[in-house]
Structure formats: structure tokens, C-alpha cells
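The analysis underlying the following values was restricted to heavy atoms, covering all of them including side chains, and did not include hydrogens, waters or symmetry mates. Chain letters run A, B, ... following the sequence lines, proteins first and then strands; every chain starts at 1. It should be emphasised that the depicted structure is a prediction, and the values quoted were computed from it without experimental measurement.
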Amino acid sequence: MRLAEHANQDVANNASNIGALVSFVGQVRDMNDGDSINTLTLEHYPEMTEKALLGIESEAKNRWDIIGSLIIHRVGTLKPLDQIVLVAVTSAHRGEAFKACEFIMDYLKTSAPFWKKESTNQGERWVDAKLSDDAAKARWK
Amino acid sequence: MRLAEHANQDVANNASNIGALVSFVGQVRDMNDGDSINTLTLEHYPEMTEKALLGIESEAKNRWDIIGSLIIHRVGTLKPLDQIVLVAVTSAHRGEAFKACEFIMDYLKTSAPFWKKESTNQGERWVDAKLSDDAAKARWK
Amino acid sequence: MNINILYFARIKESVNYSSENLDLPSDVKTVTALKNHLSLRGENWANLFNGKQVVRAAINHTLVDDLAAINAGDEVAFFPPVTGG
Amino acid sequence: MNINILYFARIKESVNYSSENLDLPSDVKTVTALKNHLSLRGENWANLFNGKQVVRAAINHTLVDDLAAINAGDEVAFFPPVTGG
């Protein structure tokens, strides 16, 4: 299993000006749209992924006073309970880290070139993009 | 160092209906209001803390479709870089976990009976409650 | 009636008490009345309850306002606005 | 001019290509023109670009709209709306 990873700065909690660390972990659920999930395979566009993750982190740093951020996104074949993505953000105060972490997730879902394919007992199928993810992104305009 | 801890349900990521884990860690900063912090001592009201944390988690579960939550709050004397508080929330989808985690933090800051005293080179001082924390709580009305 | 009173943080230090057991006169039936009753103890008590600083009260581990009724056996707590998290 | 084209996910499967190097006629200068040009290859290509499904395009790793200009040496990618995270 390969990793697409980008950190705009070390997000380790070893900087004494850090007061808040907000993190998000996404994991594979065993059910989707009523069907049992056997595996979930993530395809991506590697050169564009790197640029997209850098751009999202850079935009988050422009918008909020954050200290560090980290994005790790898995690609390849995963199974239920596997972790898909980690986003972690540090800041002096909690509001900035909460907003930036959710912003990064909303942009990751709608702007970074990853595609999910599920394997169910009914066969394989590509996951459709969700209108709710577009709506989540639109909040940040 | 004692712990005030409450979990309304195991927040471990071993339930296959969990798609999202949002967590917040608060840590002691080395500066506050322009002064260098040597130690930070947290006093609390133990019997009321238990009741307050249970109440906050219960309200979060009423408001959002979350699967589990965990609050760990330290008391006693801490130093810069020490972790003060952990809040973790799991849910099927990310929006619920983000909102519930931030809600729990905002209520913890304004409703749970903890008090901070800083030791600086200028001596000891109780930390004043912040209007910004009241404003953060008021968003959820 | 007899109640227990607890004091926390800045307030504990200003009155130099952390807890006490107290017999109340029969006309002291609310948080406000208890604050007024305690204010008779001297200047530091009076200053504490003169309204210039926020003093929160809890009865039996629940936050209450100053109109809340006090009953025999209650645990009443006084503390400043909380600053945890 | 000569460009590279990449296809991803559902689109890669429907055209059965993951990448190709292509010499474009001189009048194919935008993403729209490239889509029309590729549609001439047959029914599965025409169906892909007939507007009934969303096909996103990137040039040199940046998302673009259909009016974007294509230059010699560009890497053009076609893919469905993303579903990561």
C-alpha cells in the first residue's frame, strides 16, 4: 500500500507555541449505499496529488493562523477498518485548527485527484462524487 | 498528575460503521499574555466535573449522530508542552464528528468546573475566563 | 438548616476556606440570601459578594442562578468562571 | 503539436486507455476542441464527451475548464469528479 503524503511543516507537538492539535482520521466503513464492502481501492494521479495537497495546505495557511499541518492519504486496496486519510493541524488557539482541519478535508474531498472503487458482493463499482461534499466545500468561499 | 476522564462509549476505531474520527488535543503553551509560563496548575471540583462531562457528551449525542466520544482532562500541575485535554469523537460521516468535537470543547471551556493558575516569572496568577470562549459557546444555541 | 459549602480557585484563596459545614438561619433560603449572609463575616467576604466580580454557584453539582432555592443537606459551591480545556 | 493525455478511474476503463501521446491537428487548441477531436474515435469516446457525464480536465496537474488553451508538450488529463478523503 503506497502513501500520498504531504506536510507543509512538521506537525509534531514539540513546538511550545502550540496550544491546539486537531486531527481527522477517515476510515473504511463496512457498508455503503446498503451493500457490504469487501475492499475499497483508491486510484490517484500522483503528480497532480502532490500539487493539489500542497495547494490546499497553502490556502489553509493563508486563511488561518496555523502552525503546522500534515496530510497522509493512502492509495491502493484497503479493507473495512483501514485508515484512508489523516489530516492534522496545529495552532496556538483551537478555533483556527478546527476550521483549517475541516477546510482541508472539504477541499481534499472535492479537489484532490483520488477516486474510490468499491468491491461488494454485487461486484465492483466506482464511488460517485457526493453533492454534500460540494456543498461542504462551498461554505468556505 | 490525576485525570478526570469520561467516555460515553468506547471511542476506539474498532467499529466498522465508523467513517470519521475527529480529535482535539490541547497543550500548555510556553507564553500567555506576554509572560513566560513555568507551570500551569489545574484545580477542579471532582464530583461536579463528572456530572458536567457526562452532560456535555450527552448533549453532543442528542444533537449529532455520533458513535462514540471520549474526554480526558488533566488536573494538577503541568508544564509547557504537556497535554491538558483530549476530546475524540467518532461518527459515520465527518461533518457530525467535527461539529460534535468542537461543541464539546466549547462547552468544556465554559461549563466544566476547571480553573487554571499560571506560574510565571512575575509570580502566580489565576487565568481569567475569556469572552471569546463565551462567544464560541453561544454559537451552538 | 444545615448545608455544606465549597469554595474553589480564586475564591477559595480570597476567603481562605475550601469547605465548611454551616447552620443557616431560617430566612436564608436562596443563593442570594446565602451570599448576603456570608457577606456579614467581614470585608473580604463582603468584597467577594458585592457584585463587582462574577461568582458562580452550584447546588449539588449543578450550576444555578442566584434565585435558586437552598434545601437542607445541599452542597453549595462558589467559584469564579471556569477556565479549563 | 504533440501532447500527452492521461485517463483515470471510470474514464480510463470506458476508453480502455491509461495514457497516450498524440499529435494534434493545428485547429485543436482548447480542451473543448480536444474532446471533440477524441469523440471522432468511436461510440465509447463520443459517449464519454457528449456532456451527459461530468468529465474533469487538468493541464499540467492543474484543474482547468473546457475553454483552457492547450500548448505543445502539455500533459492533459481526463477524469471523473474526485472521490478521495
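The shortest side-chain heavy-atom distance between D:Phe8 and A:Met48 does not fall under the 4.5 Å cut-off. Considering only heavy atoms from C-beta on, D:Val82 comes within 4.5 Å of A:Trp115 through its side chain. In this structure, the side chains of A:Tyr45 and D:Glu75 come closer than 4.5 Å at one or more pairs of heavy atoms.
The stretch residues 121-133 of chain A places A:Trp126, A:Val127, A:Asp128, A:Ala129 near chain D, each with some heavy atom under 4.5 Å from a heavy atom of that chain.
Surrounding CG of A:Asn62 are more than 12 heavy atoms belonging to other residues, nucleotides or ligands, all under 6.0 Å away. Atom NZ of A:Lys51 is surrounded by more than 12 heavy atoms from other residues, nucleotides or ligands within 6.0 Å.
Contact annotation for D:Ala58: only side-chain heavy atoms (C-beta onward) come within less than 4.5 Å of a heavy atom of chain A. Looking at A:Glu43, only its side chain comes within 4.5 Å of chain D, counting heavy atoms on both sides.
No donor-acceptor distance shorter than 3.5 angstrom exists from the side chain of A:Lys117 to the backbone of D:Arg10, with no hydrogens or angles considered.
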